[in-house]
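Heads up: the structure comes next, in C-alpha cells.
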Amino acid sequence: MLIEAADVEALALGGAFLATGGGGDTLIGELSTTAALERYGPVPLIDAAALADDALVVAVGASGSPTIMQEKPGNGQEARWALAALERHLGRSVDALIAFEAGGMNALLPIYAAAERRLPVLDADGMGRAFPELQMESFSIYGISATPLAAAVERGDLMLLDRISSSAVAEQLVRQYSVVAGGGQCVSAEHPMTGAQAREVSILGTISLCRDIGRLLLHHGNRIDAFVDDLTRLLAATHYGEVRPLYRGKVTDVSRQVRDGYDFAEVRLAAFGRSGATPDLLLEVKNEYLTAMLGDQPLALTPDLICVLDNETGRPITAETIRYGQRVTAIGIGAPALMRTPRALEVVAPGNFGFAQAYVPIEQLPKNSQL
C-alpha cells in the first residue's frame with residue numbers, strides 16, 4: 001500500500017480519534033505531511049511480514065506538552081536531524097520507520113519523515129493509541145531498549161542517549177530536554193530494533209486503521225450513532241475489543257495545567273436534560289483521557305481507550321482543545337490485547353498515573369444505564 005497526499009486527511013482524523021485526546025493537534029502534521037508527499041511522492045506502508053529479519057527499524061515521534069505544541073510548532077526538521085544523529089551513532093542506515101503511537105500528530109510524523117528519505121513506514125505502532133510516556137510503548141514493555149536514542153529541538157540542538165538503565169529514565173531525560181531545550185517539545189528517534197523484533201513487539205495494522213477510521217468519520221459527519229455502528233464492525237476484525245458509547249452531554253467545567261512537560265486536566269460533562277438522577281461524567285487527563293468516572297463508578301479505564309467526539313461536527317476533540325459548552329459524546333474501546341497483559345498493566349494501568357482505581361476491562365464494567 002502507498003500513502004498518498006489524498007490519504008492524509010483521513011489518516012489525521014483517524015489518528016486524532018485513536019489518540020484518546022493526546023498525540024498533539026493534527027492540523028500542522030496534516031499540512032506538512034501533505035506537502036511532503038506532494039513534493040517527494042507516496043510513502044510505502046508495509047506489513048510487518050515484509051520486513052527482513054535483520055532490517056533496522058526505528059520509532060519516530062514528538063514528545064512534550066500538546067498544549068505547547070499547538071501554540072509553538074516546531075520547524076519541521078527535527079525528525080530528520082534526530083534520525084541522522086542516530087544513524088551516525090549506530091553506523092548504519094535505517095531501513096524502515098514506525099510510529100511510537102498511533103495517535104494524533106505522531107501517527108503522521110513517521111510518514112512525513114519517511115517521505116524525504118524515501119523510506120517505508122511499518123503499518124504498526126507501539127501503543128495502539130497515545131500514552132504520555134516513553135516506557136509505555138509496547139517496544140519497551142516487551143524488552144526493546146529505548147536507547148540508543150537521539151532527540152532534536154527546533155533550534156537544531158541534539159541530545160544522544162546511549163546506554164540508559166531503563167526506558168523510564170530515558171523518558172525523564174527526554175522530557176526534561178524537551179522542557180529545558182525545546183520549550184516544551186522535541187522529536188526523538190528511538191527504540192532501534194530488528195525487523196524480527198518489530199513483528200513481535202508492535203501493535204500491527206494501526207496506521208491503515210487510522211485511515212479507515214478517518215474515512216468513517218468523514219463519511220458519517222455528525223451521525224455519531226451510525227459511526228459507532230460501523231466502527232464496531234471495523235474493529236471486530238482487529239486487535240481491539242468492545243466499542244461502547246459512554247456518555248453524551250455538555251462540557252461544564254475544564255480545569256487544566258501544564259506541569260513537568262505534561263498536560264494535566266479534569267473535564268466534567270453533564271448529561272442533556274438530566275433530572276438530577278444522572279451524575280456528571282469526570283474525565284481525568286495526563287495528555288490523554290485516562291479515566292471516565294460516573295460518580296464513583298468507572299465506565300472506562302486506561303489502557304482502554306476513551307475517545308471524545310464533537311456532536312456538531314463528529315470530529316475528535318483533543319484534551320488540550322476541549323472547552324466549556326461543547327456538546328460531546330464519549331466512546332470507550334477495549335485496548336489491544338498486547339496492552340492488556342500483566343506485563344503491560346505494570347506500566348499502563350490507572351495506578352501508574354496516580355489514580356486509585358484498579359484496572360477492569362471495559363467489557364466487565366457496568367454500562368451507563370442512561371444511554
Side-chain angles (χ1 to χ4, degrees), residues 13-24 26 66 99-104 106-107 124-133 136-138 141 203-207 209-210 212-214 216-217 224 227-228 230-247 265 267 269 281-294 298-310 314-319 322 328-341 344-345 347-350 352-353 355 357 359-365 367-368 371:
L13 264 181
F17 181 81
L18 284 186
T20 61
T26 59
F100 65 54
E101 62 184 11
N106 281 331
D125 81 297
M127 295 181 181
R129 48 164 295 159
F131 278 120
E133 298 182 15
M136 296 171 180
E137 298 171 33
S138 60
I141 291 169
I203 298 170
L204 304 178
T206 49
I207 303 304
L209 181 62
C210 286
D212 294 343
I213 292 174
L216 289 181
L217 288 165
I224 292 175
F227 165 74
V228 170
D230 277 352
L231 180 69
T232 300
R233 286 188 282 270
L234 175 65
L235 295 187
T238 71
H239 305 289
Y240 292 80
E242 180 174 330
V243 179
R244 178 186 291 185
L246 302 176
Y247 200 89
V267 180
L269 310 180
L281 184 75
L282 178 66
L283 301 175
E284 296 175 291
V285 174
K286 183 178 179 180
N287 281 18
E288 286 77 38
Y289 304 118
L290 296 173
T291 72
M293 300 293 298
L294 191 66
L299 296 183
L301 298 166
T302 174
D304 291 338
L305 286 69
I306 301 165
C307 310
V308 179
L309 296 180
D310 187 312
R315 299 295 178 101
I317 303 175
T318 59
I322 197 165
V328 305
T329 297
I331 299 167
I333 301 171
L338 207 61
M339 302 305 288
R340 284 180 160 195
T341 66
L345 291 175
V347 183
V348 297
N352 298 96
F353 302 92
F355 303 127
Q357 299 84 5
Y359 173 66
V360 179
I362 189 171
E363 64 272 14
Q364 296 178 22
L365 289 171
K367 295 183 179 181
N368 181 358
L371 290 181

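Since this is a predicted model, take the numbers as computed values, not measurements. Atom set for the values below is all heavy atoms of this structure, side chains included, hydrogens, waters and symmetry mates excluded.
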> Closest approach of Thr20 and Cys307, non-hydrogen atoms and distance?
Replying inline: CG2-SG, 4.2 Å
>> Let me confirm one number: the CZ-CD distance from Arg244 to Glu363, rounded to the nearest 0.5 Å.
In response: 7.5 Å
> Under 3.5 Å, is there a donor-acceptor pair between the side chain of Thr206 and the main chain of Asp125?
Replying inline: yes
> For the atom pair CG (Leu290) and CZ (Phe355), what is the distance rounded to the nearest 0.5 Å?
Replying inline: 5.0 Å
> Would you call Leu209 and Leu234 a side-chain contact if the rule is heavy atoms closer than 4.5 Å?
Replying inline: yes
>> I'd like to know whether Thr291 forms a side chain to side chain donor-acceptor pair (under 3.5 Å) with Glu284, so could you lay out the CA-CA distance, the side-chain angles of the two residues, the decisive distance to 0.1 Å, and finally the verdict.
In response: CA-CA 5 Å; Thr291 72; Glu284 296 175 291; 2.5 Å; yes
> Are the side chain of Asn106 and the backbone of Gly103 linked by a donor-acceptor contact shorter than 3.5 Å?
Replying inline: no
> Can you name the residues that form a side-chain contact (heavy atoms from CB on, under 4.5 Å) with Asp230, not counting sequence neighbours?
Replying inline: Leu216, His220, Arg233
>> Working to the nearest 0.5 angstrom, can you tell me the gap between Leu365 CG and Leu301 CG?
In response: 6.0 Å
> Taking all atoms of both residues into account, what is the closest heavy-atom pair of Cys210 and Ala107, and its distance?
Replying inline: SG-CB, 4.3 Å
>> Does any part of the side chain of Val308, heavy atoms only, come nearer than 4.5 Å to the side chain of Pro316, both counted from C-beta?
In response: no
> What pair of heavy atoms forms the shortest contact from Ala344 to Ile141, and how long is it?
Replying inline: CA-CG2, 3.8 Å
> Looking at residues at least two apart in the chain, or sitting in another chain, which of them share a ring pair (Phe, Tyr, Trp, His ring centres under 6.0 Å) with Phe17?
Replying inline: Phe227
> For Ala130 and Gly22, which heavy atoms make the closest approach, and how far apart are they?
Replying inline: CB-C, 4.4 Å
> Distance from Ile331 atom CD1 to Leu305 atom CG, nearest 0.5 Å?
Replying inline: 11.0 Å
> Hey, does Pro298 have a side-chain heavy atom less than 4.5 Å from the side chain of Val360?
Replying inline: no
> Are Ile333 and Leu231 close enough that some pair of their side-chain heavy atoms sits under 4.5 Å apart?
Replying inline: yes
>> Tell me every residue that passes side-chain hydrogen bond (donor to acceptor under 3.5 Å, both in side chains) with Ser138, counting only those two or more places apart in sequence or in another chain.
In response: none
>> Could you tell me if the side chain of Leu217 sits less than 4.5 Å from the side chain of Arg315, heavy atoms only?
In response: no
> Does Val267 offer a backbone N or O that forms a donor-acceptor pair with the side chain of Tyr289 under 3.5 Å?
Replying inline: no
> Considering all heavy atoms of both residues, which atom of Gly314 and which atom of Leu309 are nearest to each other, and what is their separation?
Replying inline: O-CD2, 3.7 Å
> Would Asp304 and Arg129 count as a salt bridge (charged side-chain N to carboxylate O under 4.0 Å, His left out) if you check the C-alpha gap in whole Å, the side-chain angles of each, and the deciding distance to 0.1 Å?
Replying inline: CA-CA 9 Å; Asp304 291 338; Arg129 48 164 295 159; over 6 Å; no
> Hey, what do you get for CG (Leu246) to CG (Leu299), rounding to the nearest 0.5 Å?
Replying inline: 5.5 Å
> If you round to the nearest 0.5 Å, how far is CE of Met136 from CG of Asn352?
Replying inline: 6.0 Å
> Step by step, would you call Met339 with His239 a side-chain contact (heavy atoms from CB on, under 4.5 Å)?
Replying inline: CA-CA 10 Å; Met339 302 305 288; His239 305 289; over 6 Å; no
>> Counting C-beta onward and ignoring hydrogens, is there a side-chain heavy-atom pair between Glu101 and Glu137 closer than 4.5 Å?
In response: no
> What are the two closest heavy atoms between Ala335 and Pro303, and how far apart are they?
Replying inline: CB-O, 3.3 Å
>> Using side-chain contact (heavy atoms from CB on, under 4.5 Å), reason through Tyr247 and Leu283 one step at a time and then give a plain yes or no.
In response: CA-CA 11 Å; Tyr247 200 89; Leu283 301 175; over 6 Å; no
